[in-house]
There are 2 protein chains.
Amino acid sequence: MLDAAEAVFAIRGFDGATIRDIVAESGEPLGTIHHHGGGKEALFQQVVARRAEALSEARLAALARAQAAGDSDLPGVLGAFMRPFFDLSQKDPRWRHYARLVAFVSADDRWRALSARFFDPTARVFLAEIRALVPGATEQSIAEGFVFSVSAMLALLTSQERIGTLGDGRANEAAQIDHLVHFCAAGLAAGKAR
Amino acid sequence: MLDAAEAVFAIRGFDGATIRDIVAESGEPLGTIHHHGGGKEALFQQVVARRAEALSEARLAALARAQAAGDSDLPGVLGAFMRPFFDLSQKDPRWRHYARLVAFVSADDRWRALSARFFDPTARVFLAEIRALVPGATEQSIAEGFVFSVSAMLALLTSQERIGTLGDGRANEAAQIDHLVHFCAAGLAAGKAR
DNA sequence: CCTTATTTCGAACATATGTTCAACTTAAAC
DNA sequence: GTTTAAGTTGAACATATGTTCGAAATAAGG
């Protein structure tokens with residue numbers, strides 16, 4: 001049921017998705033969604049919440065691993081934040097739906113409270129790491145660079161089609177992720193001198 | 001009428017927006033939208049199309065100015081692409097609504113044909129300029145970096161609230177735009193060595 | 001001033017959609 | 001086996017929404 005909701009919300013967005021689309025996808029009867037109380041909005045929040053903790057844990061574990069391996073430069077820290085999302089997406093395609101969902105949540109102020117609750121705490125941990133690696137930059141400047149980086153990450157997860165159209169179509173996911181990490185690391189490092 | 005539609009679509013998205021919301025905002029009667037034919041979807045496309053040409057022209061003019069001034073390095077070219085959007089937004093707040101709209105169009109594959117028609121041609125001009133400035137990178141890598149940059153630009157236009165929450169709230173728009181341009185220039189330049 | 005054409009308007013329509021709830025099924029308790 | 005409780009199901013409801021269309025208002029022509 002949550003899988004079906006995740007898939008439909010990811011493709012159509014919250015307003016575009018229909019309770020009937022979701023139950024048709026899941027095969028379950030119409031009433032089930034409201035039987036647990038809360039209706040459509042509660043279902044959406046459950047779907048967002050379901051994988052949020054696992055994602056945060058994967059990111060923090062990757063950060064700990066990177067630090068233990070002495071790989072705590074900017075690409076190492078950024079990679080710890082970004083790579084788990086792609087690793088999970090490759091193992092389980094439902095994580096790719098979740099990625100689109102996170103893009104929706106990040107883009108719409110209506111869900112600001114959701115992203116503040118589920119994503120901001122981990123973001124602050126990484127923000128602190130990055131701050132230590134870019135000593136000259138202001139707090140504000142680090143936050144801006146982090147938001148730029150997150151949006152680039154979500155663009156890579158959601159805009160494969162446009163990248164293919166503008167490029168030559170020779171996409172290699174591992175190379176794309178390396179590119180993303182180094183792109184953002186270079187961008188953040190450029191904040192040092194400013 | 002188009003102003004009202006622009007504002008409502010920008011806040012609620014296509015599915016969230018209602019014909020009745022739009023006509024209430026505009027003060028005009030309910031029938032006007034369908035009288036010109038096409039209904040809601042045609043209205044959305046008109047709203048996207050209305051400012052697309054002006055935006056492209058402003059970007060290409062800024063590129064020509066930068067080249068004439070000998071300012072055709074990566075920050076100069078990227079600035080020519082990005083700064084007109086912010087300049088227009090500061091002069092006319094309706095351009096800020098348009099910016100949110102462009103973010104919606106960019107994020108949803110449903111409107112891929114729209115962005116291909118109105119934004120891709122200009123994008124290719126800048127892509128060619130960037131390619132000449134990052135000689136070592138592949139076509140694909142340039143396209144990826146460009147999409148990262150565009151998404152960062154749209155994030156700056158649409159995610160002021162999250163930037164403020166994660167940072168210290170001391171936002172200065174001119175400094176943010178400079179940061180954006182240098183962030184993306186550094187990220188693109190990092191593609192040279194790869 | 002009357003007639004005809006054109007535009008403007010919003011009530012009405014058909015459909016879609018979130019939600020409810022009474023009938024039905026299944027399981028548990030005694 | 002009977003009764004009671006709990007869970008399941010989808011038809012029905014109220015509302016919302018995109019669209020239509022005939023009437024009213026306005027303009028044009030003679």
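Just so we're on the same page: letters track the sequence lines, and every chain starts at 1. Basis for what follows: all heavy atoms, side chains included, without hydrogens, waters or symmetry-related copies.
Across all strands shown, A:G31 has heavy atoms under 4.0 Å from base atoms, whether or not it also approaches the sugar-phosphate.
The side chain of A:P29 lies closest to D:dT9 when the candidates are D:dT8, D:dA11, D:dT9. Listed candidates were D:dG18, C:dT20, D:dT8. Nearest to the side chain of A:H35 is D:dT8. With D:dT9, D:dG10, C:dA12 as the choices, the nucleotide that has an atom nearest any side-chain atom of A:T32 turns out to be D:dT9.
For B:R12, the CZ atom sits in a loose shell: 12 or fewer heavy atoms of surrounding residues, nucleotides or ligands are nearer than 6.0 Å.
When the P atom of D:dT8 is taken as reference, atom CD of A:E28 falls 9 Å away, rounded to whole Å. When the C1' atom of D:dG18 is taken as reference, atom CZ of B:F44 falls 16 Å away, rounded to whole Å. Residue B:K40 contributes atom NZ, which lies 12 Å from atom C1' of C:dA16 at whole-angstrom precision. One can place NE2 of B:H36 at 14 Å from P of D:dT19, the figure rounded to the nearest angstrom. Counting to the nearest Å, the P atom of D:dG22 and the CG atom of B:L30 are 17 Å from each other. Note: CD1 (B:I33) to P (D:dT20) measures 13 Å, nearest angstrom.
Here A:F9 and A:F44 bring their ring centres to under 6.0 angstrom of each other.
With respect to A:R65 and A:D71, no salt bridge is recorded, no charged nitrogen being found less than 4.0 Å from a carboxylate O. Between A:D178 and A:R83, at least one side-chain nitrogen of the basic residue sits less than 4.0 Å from a carboxylate oxygen of the acidic one, meeting the salt-bridge criterion. For B:D3 and B:R51, the salt-bridge test passes: some basic side-chain N is under 4.0 Å from an acidic carboxylate O.
Listed in residue order, the members of residues 5-27 of chain A having a heavy atom less than 4.0 Å from DNA chain D are A:R20.
Between B:I142 and A:L166 the shortest side-chain heavy-atom distance does not fall below 4.5 Å.
Phosphate proximity of D:dT19 to B:H34: present, with a side-chain N or O under 4.0 Å from OP1 or OP2.
Judged by distance alone, the side chains of A:T165 and B:R112 do bring a donor and an acceptor atom under 3.5 Å apart.
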